[in-house]
There are 2 protein chains.
Amino acid sequence: MTPRSKNGKPTMRDVAARAGVSSMTVSRVLRDDPRISESTRRDVLGAVAALGYRINENARALRLGQGTRLVALMVTNLANPFYSRLALGVESELERQGLFTVVANTADSETKERALTTDFVGRRVEGLIVVPAGEDHTHLRAEHTAGTPAVLVARPPVGHGADCVLVDDFGGGRALAGRLLDEGHRRIAFLGNAEAVYTTAERLRGFLAAHDEAGLRHDPALVRHGGTDPAEALGAAAELLATGPTAVVTANNRNTLAVLRAAKASGARVAVAGFDDVDTADLLDAPLTVAAYDAQEVGRRAARMLLERLDTQASPPAPRTSVVPVEIRTYEGAARG
Amino acid sequence: MTPRSKNGKPTMRDVAARAGVSSMTVSRVLRDDPRISESTRRDVLGAVAALGYRINENARALRLGQGTRLVALMVTNLANPFYSRLALGVESELERQGLFTVVANTADSETKERALTTDFVGRRVEGLIVVPAGEDHTHLRAEHTAGTPAVLVARPPVGHGADCVLVDDFGGGRALAGRLLDEGHRRIAFLGNAEAVYTTAERLRGFLAAHDEAGLRHDPALVRHGGTDPAEALGAAAELLATGPTAVVTANNRNTLAVLRAAKASGARVAVAGFDDVDTADLLDAPLTVAAYDAQEVGRRAARMLLERLDTQASPPAPRTSVVPVEIRTYEGAARG
DNA sequence: CTGTTAGCGCTTTCAG
DNA sequence: CTGAAAGCGCTAACAG
């Protein structure tokens, strides 16, 4: 019996009818227009409560020509703590500007990323923050996003200019290898992962640069790539240890743990230095060196870049890149006798 | 010069004008209506490309009386891996139904949760999945959400019926304490956290139940609560250890690590058994028992419940509750000589 | 094959 | 103080 619009929710007209006024009056009451009589206001609010009416912000925004105040964040793997911290950083920074964050997972699929981008642009999100899944970034170019600005994270734009926040992958890889070389290691293996193409490549490049700078040639047989799967990573780590390195540099958390496990299982004694901090590192059995960086800060910077772009949409300056530093930390492992 | 609507993006009319057709024709081309001549189609698509036009899905949905295909997920702390896994579970389950997930962080603030709820309902999300920040759930009742269904996670509804997915907190607390009692411990401390009121209370209740069942009285002085902050938790853990327990049960990950650190620092020898799995547990110096559960599964169940509710919105069955089981796992710690 | 009219739910503008 | 008309961007329902 209650009058309802198609989608099942009452409309302003329903409220107006019940209160015996026009929908304009309802609109005014809801927006606290001062020139409304107390009695009318009461009647309207009564009808609102009775019907459980909530204004339709989408219709309102359409009429007002306003934006959605929505920003879409697309990450490759939400289960990875790096991305959840990233999301938190983005969210916290956007929230203070009254913007909402829509988080979507691309599961490392370029196809999904493209589909999501199209959808989000269609929904008129005000901006995109993306950890690109692949190398093809055409769908992120302004021509394809109807001008919706995009900020890339962790991987630089390919084939076009775009704002972007990176981690100092090269510097971190170089520093990790440098540490080990300083400690006298000469047979240092590298365990990366094939998916994170850019990231791993940079970290490896830094690793090799440190060898160059030390005047050493690096044995390519000591470089290996684990997969996305922890089990795969463990296998790769075991193989790598079998080649007899005295130390290993890893390109991410998963690989770091894989090496520690493989070493524990085989009883091999290797120094381990890897990317991403391990939050229980101080409680581990074995010593560990890590290249740590602030994932939340990455998110905050990306958000800020987007906000600046939104402010200046009329006269966009050149695309900018921001590089978040990494910090080397060492943990001693369990104190033994 | 390019004609553009207020928010800066071209509209269908702009495309129509440029292609020399009516907007209906553009609409048809975009939706692949077969009865459009090839040449017209080409002209329209040309104009679309030239202007960088993307259809406004919001306007379309308004006209069609369609829903938004959006579901809002509100969590108390996105930085906590539990919630990011939860989000992944929700996202993966909703995605297969073509629904998008909007993730928002309430930062444990009831006020923020209420504001977000109002906003999301106004935006006409199709459902809400909420980890409630506080005890006041009035804003989540159907009367306040204009009928938008809500599923609660981790904490049950208070003061109203609602779908809800819980973890077996009681059972887990009971099992953890039971383990330690079986091992002969008689002085077992409990470290909880005040914020997660319901969760901690249930875990403690289970802990005490195990003591009851063993015919033992538990000393209330052995119960303490750490804060949200890791430093605070460490302090509480240290105090607790100073009371000389032979074992500690912890209510969450943060507290587990706090106890391990405090024990390491003071050299105290205590057995530790706590809620939440620790992914490096097998690499730790010390042995550890945990109550583990599948956070992604919690998210999947919540999403499925919501989907069922959306299907049957006309004749809603009674609110349902689903309890995700916990599994006790033991890790041996570093093998010593 | 293509255009006109009307209206989704809301609000601005202009009249009362 | 309140209402009627027009229109945000789009599309169903009818023309032609």
Side-chain angles (χ1 to χ4, degrees), chain A residues 3-45 47-48 51-68 121-125 146-147, chain B residues 3-45 47-48 51-68 119 121-125 146:
Chain A
R4 289 176 170 265
S5 77
K6 255 178 257 169
N7 70 53
K9 299 212 190 320
T11 74
M12 217 152 178
R13 265 229 276 283
D14 298 328
V15 175
R18 194 176 217 274
V21 297
S22 78
S23 52
M24 256 326 294
T25 301
V26 177
S27 175
R28 287 181 176 122
V29 168
L30 292 179
R31 311 214 286 91
D32 282 317
D33 190 309
R35 41 184 202 177
I36 289 281
S37 77
E38 237 353 278
S39 75
T40 306
R41 181 191 302 295
R42 258 199 308 93
D43 291 352
V44 169
L45 292 178
V48 165
L51 296 177
Y53 171 77
R54 301 288 128 164
I55 199 165
N56 185 328
E57 296 289 355
N58 296 324
R60 177 157 206 268
L62 177 61
R63 172 63 238 238
L64 263 27
Q66 280 174 182
T68 55
V121 169
R123 287 174 189 277
R124 293 295 188 266
V125 297
Chain B
R4 291 180 166 259
S5 77
K6 256 178 256 168
N7 69 53
K9 302 214 187 318
T11 75
M12 216 151 173
R13 263 227 278 282
D14 298 327
V15 175
R18 191 175 220 276
V21 297
S22 77
S23 52
M24 257 326 293
T25 301
V26 177
S27 174
R28 288 184 175 118
V29 168
L30 292 179
R31 310 212 288 88
D32 281 317
D33 190 311
R35 41 183 200 175
I36 290 281
S37 76
E38 237 354 279
S39 74
T40 307
R41 180 188 304 292
R42 259 198 307 94
D43 293 351
V44 169
L45 292 179
V48 165
L51 296 178
Y53 172 77
R54 300 290 127 164
I55 198 165
N56 185 330
E57 296 288 355
N58 296 325
R60 176 157 208 267
L62 177 62
R63 170 66 237 237
L64 262 26
Q66 281 173 178
T68 54
D119 186 277
V121 169
R123 285 174 191 278
R124 293 296 188 267
V125 297

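Here is the naming used below: chain letters follow the sequence lines, and residue numbers restart at 1 for every chain. Below, all heavy atoms of this structure are taken into account, side chains as well, without hydrogens, waters or symmetry copies. Quick caveat: nothing in here was measured; it's all calculated off a predicted structure.
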d([atom1], [X]; [atom2], [N]) in whole Å:
X	N	atom1	atom2	result
B:D43	C:dG3	CG	P	11 Å
B:I36	D:dT11	CD1	C1'	13 Å
A:K9	C:dC10	NZ	P	12 Å
B:R60	C:dG7	CZ	C1'	16 Å
A:R63	D:dA5	CZ	P	15 Å
A:M24	C:dT13	CE	P	11 Å
B:R124	C:dC10	CZ	C1'	11 Å
B:L30	D:dT11	CG	C1'	12 Å

With the side chain of [X] defined as its heavy atoms from C-beta on, choose the nearest nucleotide among [options].
X	options	value
B:S22	C:dT11, D:dT11, C:dG3	C:dG3
B:S37	C:dT2, C:dC10, D:dT11	C:dT2
B:A59	D:dC10, D:dC8, D:dT2	D:dC10
B:L64	D:dA12, C:dT12, C:dC10	D:dA12

Write down the atom of [X], the atom of [Y], and the distance for their closest heavy-atom approach.
X	Y	result
A:V44	A:V21	CG2-CG2, 4.0 Å
A:K9	B:A146	NZ-O, 3.2 Å
A:A16	A:S22	CB-C, 3.6 Å
A:D43	A:A19	O-CB, 3.9 Å
A:T11	A:Y53	C-CE1, 3.5 Å

If only side-chain N and O atoms of [X] are considered, is one of them under 4.0 Å from the OP1 or OP2 phosphate oxygen of [N]?
X	N	result
A:Y53	C:dG9	no
B:S23	D:dG9	no
A:T40	D:dT2	yes

Exercise for the section: Let me know, please, whether B:R28 or A:R54 comes out on the 5' side of the other along DNA chain C by nearest nucleotide. Expected result: B:R28

Problem - Residue mapping more 5' on DNA chain C - nearest nucleotide basis, A:I55 or B:V21 - result: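 Nearest-nucleotide comparison on DNA chain C picks B:V21.
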
Practice task
Tell me what B:R35 touches on the nucleic acid: a base, only sugar-phosphate, or nothing, going by heavy atoms under 4.0 Å.
Solution key: base

Handout entry: Axis deviation across the helix from C:dC1-D:dG16 to C:dG16-D:dC1, five-pair ends, to the nearest 10°
Key = 50°

Exercise for the section: Output yes when B:D33 and B:R35 qualify as a salt bridge under the 4.0 Å nitrogen-oxygen rule, no when they do not. Expected result: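 Here B:D33 pairs with B:R35 in a salt bridge, since their nearest N and O are under 4.0 Å apart.
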
Problem - Contact nearer the 5' end of DNA chain D, comparing B:R31 with B:L62 - result: B:L62

Handout entry: Heavy-atom neighbours of B:R41 CZ exceed 12 at 6.0 Å
Key =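 Correct, the count exceeds 12.
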
Exercise for the section: Say whether, by atom type as modelled, one donor and one acceptor occur between the side chain of B:T68 and the main chain of B:R124 under 3.5 angstrom. Expected result: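 Confirmed, B:T68 side chain pairs with B:R124 backbone.
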
